[in-house]
Structures are given as C-alpha cells and as structure tokens.
Amino acid sequence: MYTVAVVDDVPVEGDELARLLRETPRSEELDVVTFSDAASLVRRMGSGWRPDILFMDIRLNDGSEPAPGTGQTGIDAVACLREHGLSAPVVYVSGYDSCHTAVYRTGHVCYLRKPFGADEVSEALGYAVEARERWAASPVRLRVAGSERVLRPAEILYLESRLRRLVVHTEREGLETYGKLGDLLESLPSHFVRCHQSFAVNLDHVEELSAASIRLANGCEVPVSRRWRPQVREALFAHIRSGR
C-alpha cells in the first residue's frame with residue numbers, strides 16, 4: 001500500500017486528481033489523501049504521518065497567507081516539506097508551462113500538465129512508484145571505526161543517539177558512528193519512526209507497543225516517551241494497515 005498526498009488549493013481539481021489516481025490499475029495499492037494547502041500537510045506530518053508519494057500543485061493561489069516557511073508556490077512548499085522530514089518522490093502538477101525550469105530547484109520525478117487524463121496520471125504514478133521502490137531499497141552508508149559500512153534498511157532494527165554519536169542496531173551488532181538521529185532518519189524509509197528523543201525504530205520489527213516501551217521481534221526493548229507515543233501508535237497502525 002502506498003500513501004499518496006495530493007496538494008491543490010482548488011478543491012475540485014485536487015478531488016479530480018484523487019479520483020483518477022483511485023481509478024488507475026494500481027488503485028488497490030493506494031491510499032489517497034487530499035490537502036488544500038501545504039500547511040495542512042505540514043500539520044498532518046507533525047503527527048507522524050508521512051506520504052509515500054506527493055502530487056504537488058505549483059500555483060497555490062488561494063489568497064491566504066502561507067504558513068511560516070512554506071513559501072508562496074508548490075516548489076517552495078516542497079523545499080520546506082523536505083525540512084519537515086518529507087522523503088517522498090514528488091510529481092509536480094501545473095497548467096502553466098512557465099514552471100518547467102523552476103521545478104528543477106527541487107528533486108521531482110515527473111511534471112503533470114493540466115488538463116490531464118487518466119493515462120497521464122497513471123504514467124506519472126508509475127514513475128513515482130518506481131522512484132519510491134528504488135529509494136526504499138537504497139542502502140545507507142555509515143562511517144564506522146575509520147571504514148565505510150553499507151547497510152540495507154531492512155537490516156536495521158533501531159537507532160540510538162548517544163550525545164554526538166549514533167548507534168545503529170542490527171541483529172548482529174551495534175554500529176557506532178557520528179551524526180544526528182534526525183539526519184539519518186531522513187535517509188531511511190518512512191517506516192522508521194522516532195519513539196524517543198534518543199531512539200527511533202524500524203516498524204517492520206515491532207511486535208508490541210506498551211506505555212513506556214516497544215518490544216521488537218528479537219526481544220529487544222526500546223524506550224518510547226510519552227511525547228512520542230501517540231505518533232508512534234498512529235504510524236504503527238498505518239503501517240499494519242498498509243500490509244508492508
């Protein structure tokens with residue numbers, strides 16, 4: 001299951017794009033959520049929710065003041081969303097050819113020109129899914145004891161921050177490197193979620209969530225703080241529903 005966010009300040013156009021997405025051959029794999037502005041998406045992401053794919057309208061001309069940091073256009077919004085932890089492939093949507101050059105300010109996989117039909121939407125979705133799959137399978141590189149280590153995300157059980165150091169825990173070992181927990185999370189798939197100021201877990205390995213801890217399938221206990229527990233709970237249930 002892929003969670004798809006559609007951002008368009010014209011509700012009827014956002015709803016039409018959502019409808020076409022739900023009618024593609026991949027419809028059974030999609031959970032499509034629409035937003036009327038980037039600020040609404042930022043707020044939703046603040047609860048721990050993350051889209052796997054983003055369709056972003058470029059001209060957000062609803063006349064309202066943008067949320068701090070979200071900028072005036074969909075391109076500005078994507079740049080801001082990256083800072084808020086967005087790692088999804090982006091499909092830009094616009095009825096204006098003048099935006100073709102500006103979109104290269106941020107990474108994207110496709111430019112969907114309005115008006116569009118079912119075939120164009122299906123093709124754009126295909127590019128986004130392919131990009132998502134490539135990214136999710138991409139290894140992470142860690143500097144450990146003077147050498148480079150390469151790990152697949154599936155190998156990682158949880159992450160632990162110890163002052164300026166990070167410990168990446170796998171089934172076999174704990175790999176110590178330098179860096180920030182938030183920075184490493186940005187390079188990992190969305191099913192890695194923060195559960196504590198100093199910890200993050202791979203939801204693929206979670207077996208039980210209790211009031212103060214998370215038990216992994218291998219028996220490890222990872223602390224979960226009161227602050228982060230609601231977000232972890234929502235992310236875990238969404239992950240279970242997605243079947244991934």
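Starting from 1, each residue takes its place in the sequence as its number.
Side-chain contact between H205 and N218 is absent, with no heavy atoms from C-beta onward closer than 4.5 Å. D8 has its side chain within reach of K114: a pair of non-hydrogen atoms, C-beta onward, lies under 4.5 Å apart. At least one side-chain heavy atom of I156 sits under 4.5 Å from a side-chain heavy atom of V140. The side-chain heavy atoms of L166 and L142, taken from C-beta on, include no pair separated by under 4.5 Å. The shortest side-chain heavy-atom distance between R113 and E120 does not fall under the 4.5 Å cut-off. Here the side chains of R22 and L30 are not in contact, with every heavy-atom distance at 4.5 Å or above. Side-chain contact between T3 and D52: present, with at least one pair of heavy atoms (C-beta onward) separated by less than 4.5 Å. V224 is not listed as a side-chain neighbour of H196, based on a closest heavy-atom distance of 4.5 Å or more.
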Worked verdict on V206 versus L216 for side chain to side chain contact (heavy atoms under 4.5 Å, CB included): CA-CA 4 Å; V206 173; L216 304 182; 4.1 Å; yes

Side chain to side chain contact (heavy atoms under 4.5 Å, CB included) evaluation trace for R172 with E155: CA-CA 9 Å; R172 302 186 304 275; E155 297 180 74; 3.7 Å; yes

L17/D57 under side chain to side chain contact (heavy atoms under 4.5 Å, CB included): CA gap, chis, key distance, verdict: CA-CA 11 Å; L17 176 53; D57 187 58; over 6 Å; no

Intermediate values then yes/no, side chain to side chain contact (heavy atoms under 4.5 Å, CB included), I214 and L236: CA-CA 11 Å; I214 292 170; L236 179 59; over 6 Å; no

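Between W49 and F35, the angle of the ring planes lies from 30° to 60°, which puts this pair in the tilted group.
When all heavy atoms of W228 and Q197 are compared, the pair lying nearest together is NE1-N, 3.7 Å. Summarising the geometry of T177 relative to R143, their closest heavy-atom pair is OG1-O, 2.8 Å, with the distance given to 0.1 Å. The heavy-atom pair separating A235 from V193 by the smallest distance is CB-CG1, 3.9 Å. Closest of all the heavy-atom pairs between A131 and V109 is CB-CG1, 3.5 Å. Here the closest non-hydrogen pair linking P51 and A5 is CB-CB, 3.8 Å. When all heavy atoms of V4 and F55 are compared, the pair lying nearest together is CG1-CD1, 3.7 Å.
The one candidate from D37, L54, V93 that meets the side chain to side chain contact (heavy atoms under 4.5 Å, CB included) condition with V7 is L54.
No donor-acceptor pair closer than 3.5 Å links the side chain of R226 to the backbone N or O of A211.
No chain of hydrophobic side-chain contacts below 4.5 Å, direct or via other Ile, Leu, Val, Met, Phe, Trp or Tyr residues, connects L157 to L185. Connection of Y2 to V6 is established within a shared hydrophobic cluster, with ILVMFWY side chains joined at heavy-atom distances below 4.5 Å, either directly or through further cluster members. Under the 4.5 Å side-chain contact rule for hydrophobic residues, V42 and I58 share a cluster. L188 and V201 fall into different hydrophobic clusters, where Ile, Leu, Val, Met, Phe, Trp and Tyr residues are linked whenever their side-chain heavy atoms come under 4.5 Å apart, directly or through other members. Under a hydrophobic-cluster definition in which Ile, Leu, Val, Met, Phe, Trp and Tyr are linked whenever side-chain heavy atoms come within less than 4.5 Å, directly or via other members, L151 and L181 are assigned to the same cluster.
Once rounded to the nearest 0.5 Å, the distance linking CG of L209 with CZ of F237 reads 7.5 Å. Taking CZ from R50 and CZ from F192, the interatomic distance works out to 14.5 Å, rounded to the nearest 0.5 Å. If you take CD on E13 and CZ on F116, they are separated by 7.5 Å, rounding to the nearest 0.5 Å. To the nearest 0.5 Å, atoms CG (L20) and CG (D119) are separated by 10.0 Å. Expressed to the nearest 0.5 Å, how far CG of L21 lies from CD1 of I53 amounts to 8.5 Å. For the atom pair CE (M56) and CG (D76), the distance works out to 10.0 Å, reported to the nearest 0.5 Å.
Counted within 6.0 Å of CZ on R233, heavy atoms from surrounding residues, nucleotides or ligands total 12 or fewer; the atom is thus considered open. For E28, the CD atom counts as loosely surrounded, since its 6.0 Å shell holds 12 or fewer non-hydrogen atoms of other residues, nucleotides or ligands.
The residues E173 and R149 are annotated as salt-bridged, a charged nitrogen and a carboxylate oxygen being separated by less than 4.0 angstrom. Using a cutoff of 4.0 Å between basic side-chain nitrogens and carboxylate oxygens, E29 and R26 are scored as salt-bridged. The pair E176-R165 meets the salt-bridge criterion, since a charged nitrogen lies less than 4.0 angstrom from a carboxylate oxygen.
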